[in-house]
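Just so we're on the same page: letters track the sequence lines, and every chain starts at 1. In what follows, every heavy atom counts, from backbone to side chain, and hydrogens, waters and symmetry copies are set aside. All figures in this text were calculated on a predicted structure; none of them were measured in a lab.
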2 protein chains.
Amino acid sequence: MAPTPENTPAGPVLKLAQPLPLDSGRSLAGVQIAYETYGNLNADKSNAILICHALTGDQHVASPHPITGKPGWWIRMVGPGMPIDTDRFFVICSNVIGSCMGSSGPASMAESGAPYGMTFPVITIRDMVRAQVALVDALGIGKLHAVVGGSMGGMQALSWAANFGDRIDAALIIASTSRHSAQNIAFHEVGRQAIMADPKWNGGDYYSEGGEDPRKGGPESGLAVARMAAHITYLSEQGLTEKFGRRLQDRDAKTFGFDADFQIESYLRYQGLSFTDRFDANSYLYITRAMDYFDLAEEHGGKLADAFRGTKARFCLVSFDTDWLYPTSESRTIAHALNAAGHPVSFMELSSPFGHDSFLLDNDDLDRVVKGFIR
Amino acid sequence: MAPTPENTPAGPVLKLAQPLPLDSGRSLAGVQIAYETYGNLNADKSNAILICHALTGDQHVASPHPITGKPGWWIRMVGPGMPIDTDRFFVICSNVIGSCMGSSGPASMAESGAPYGMTFPVITIRDMVRAQVALVDALGIGKLHAVVGGSMGGMQALSWAANFGDRIDAALIIASTSRHSAQNIAFHEVGRQAIMADPKWNGGDYYSEGGEDPRKGGPESGLAVARMAAHITYLSEQGLTEKFGRRLQDRDAKTFGFDADFQIESYLRYQGLSFTDRFDANSYLYITRAMDYFDLAEEHGGKLADAFRGTKARFCLVSFDTDWLYPTSESRTIAHALNAAGHPVSFMELSSPFGHDSFLLDNDDLDRVVKGFIR
């Protein structure tokens, strides 16, 4: 019998009655899954679309973020009359486990009565998906009309297809990859080392330092540096040049000092600092670890095509020509594996100057592709 | 009258009698320039080649590093019978000002009797070259047979051509650029913020904490993170995949923890930590700043070709096809500007899987190009 979701001020939260089994061999008791829904589930429960968020995303895909007050992160894609049309579809988005927006993560209370910190189990992309399956079960939905995700969201969509392929009719994977490359791991490791090098990280035990807000009192400086490094990988060299070039920030000449003379410096510093207001450093460690561990072929005997033999889902893959984090070649590898497993697949490389972040930005071509696929 | 170099246990050091004027408008008194020479200067002093080192390089181009004991950083290029043949040429390499291997930098003693720290003036690539000109003067050399450099060394070679073009017969610029891009600045800014976020940086005032060694007691954690981030930019995605892929480090399975499970993590951690043994964090701040400020066109009225109108030097440019830090397009921009200024130029893009670092590694094509140009 599925447990019943509970409404909290921050939105509905599902509490799992049973421990969630994890890839590590451990299991996680008392799992909470915070989520949002948009639109209405139809009578035969056939119009549900699950949207999977990226590394630092959350469930607020089409409604304001409760901390920053900013609009949902994909309002250009999800809403009434939008490419993922909430007048027609019941859209679900849940915060991944390991994160810090209401789902169980390192800042959650452990059975000991103190926050988990680094005693939280290391999770995988498949573990995140297991939690989503439990949520879909609790909502009484047998089969999703589609699972959709960009970046780490795309990894989850791939994992749904590979591990719960009979529970989805379609998978839309945008700007993603079937495995983290050495360079991907390297950038994440820089971020983790930046956090762990901050004395305020304190082995992950910093939650009591910040009073009410678990994000305060922690390794904010290290987390900001981690975000800065990651942010560079989300943008293309071309996009940075167009947006900032070597333009100076509110000054006519170089200051011959270490202030943010260049606009790009000022922008990065702001991105780093503002990130610490909304994200937990330990969650950043756990989620980047899950991404680095992701290798769908390895999970299925070393052959990527074998990951897709248990599903009859339709597939659509989208990459962006200036994305150097998960370049088009990664999507092509997935397309070839899907073809080898006998699946038809739509695969499009779209043009955009904005690198990996293109999937979040205005792009008419992407709108058309999504609308055409989510039919 | 040129001052006389003085021999120290770490090699010769030139002390300038006059303050060195700087681009900032300040000047630096008591400048010391540590250098090495190889081979013999001929009677008419026409066989001198200046080699300019990169960001974290030093004067020990072809002789062991006094701290690490490792061989000189370019022994495959410089030595008897090598492409830059010390049986024929008198090779000079000096530590750039701002660095920490014997030339004046933030760890040097200021007139106050304490180390400069952040009171050291912000310097530019042209300021580094001004110090080299003073050294060449002191050695009694009117004109260099060639100035040679890779990466930041290439920027110095370009600056020689632009500002002291009548003092060189030839310039060889490898894997370099005429200006730092927004992405280049962004990566450096991450490194600087990592250092400055380390509480042990202490506003640059940490030299008294380490006892004998000014590198100890400082922001080693921050400097290690800075080095890790930079190191990724020196290698290509392809090179990282070939060298490390997703291979595990001394284990058969993932540990579901935050140790260095992957070889790439272990490698990066080692690169970061070992760097702190040989480099001063404040020097890292100052030299990255000099590189970010570098824009040869801006220095010459906004038109790169105008930078090269005052020289009759021969030019050779080399880029590597997998270098994404200073990609081939940057060398092509320089080649076009040289052509526009009426200079013939040899320009070659060489193939190598190893990204920006290729200029330091075994590459027969590079050997042939260098040997053919330095004739």
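A donor-acceptor contact shorter than 3.5 Å is absent between the side chain of A/Arg192 and the backbone of B/Phe258. Between the side chain of B/Arg246 and the backbone N or O of A/Asp292 there is at least one donor-acceptor pair closer than 3.5 Å.
Heavy-atom pairs under 4.5 Å with chain A were tallied for B/Ala229, B/Gly272, B/Pro121; the largest tally goes to B/Ala229. In terms of heavy-atom pairs under 4.5 angstrom with chain B, the leader among A/Lys254, A/Lys200, A/His188, A/Arg179 is A/Lys254. Note: A/Phe262 leads A/Phe244, A/Phe262, A/Tyr267 in heavy-atom pairs under 4.5 Å with chain B. Listed options A/Leu235, A/Asp198, A/Val190 were ranked by heavy-atom pairs under 4.5 angstrom with chain B; first place goes to A/Val190. When the candidates B/Ser24, B/Ala197, B/Ala290, B/Ser221 are compared by the number of heavy-atom contacts under 4.5 Å with chain A, B/Ser24 comes out ahead. With chain B as the partner, the residue from A/Arg26, A/His231, A/Met228, A/Met118 showing the most heavy-atom pairs under 4.5 Å is A/Met228. The candidate with the highest count of non-hydrogen atom pairs below 4.5 Å against chain B, out of A/Ala260, A/Ser181, A/Gly245, is A/Gly245. Top candidate by heavy-atom pairs under 4.5 Å with chain A, chosen from B/Ile232, B/Thr255, B/Leu22, is B/Ile232. Ranking A/Met196, A/Lys243, A/Arg269 against chain B, the residue ahead of the rest is A/Arg269, based on heavy-atom pairs under 4.5 Å.
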Before giving the answer on side chain to side chain contact (heavy atoms under 4.5 Å, CB included), spell out for B/Thr124 and A/Phe256 the whole-Å C-alpha distance, their side-chain angles and the decisive distance to 0.1 Å.
CA-CA 9 Å; B/Thr124 65; A/Phe256 290 93; 3.7 Å; yes

Going through the distances and angles, do B/Ile185 and A/Glu265 end up as a side chain to side chain contact (heavy atoms under 4.5 Å, CB included)?
CA-CA 7 Å; B/Ile185 296 171; A/Glu265 295 176 301; 3.8 Å; yes

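Both the backbone and the side chain of B/Leu240 come within contact range of chain A, each with at least one heavy atom under 4.5 Å from a heavy atom of that chain. For A/Leu285, the parts lying near chain B are the backbone and the side chain together; criterion is any non-hydrogen pair under 4.5 Å. Proximity to chain B involves both the backbone and the side chain of A/Asp261, based on heavy atoms less than 4.5 angstrom apart.
Here B/Thr233 contributes atom OG1 and A/Phe187 contributes atom CZ; the two are 7.5 Å apart, rounded to the nearest 0.5 Å.
Within the 4.5 Å cutoff, no side-chain heavy atoms of B/Gln183 are placed close to those of A/Thr241.
Between A/Glu298 and B/Arg247 there is no salt bridge, since no side-chain N of the basic residue sits under 4.0 Å from a carboxylate O of the acidic one.
In terms of the ring pair (Phe, Tyr, Trp, His ring centres under 6.0 Å) criterion, A/Phe294 has no residue partners (sequence neighbours excluded).
The stretch residues 319-334 of chain A places A/Trp324 near chain B, each with some heavy atom under 4.5 Å from a heavy atom of that chain.
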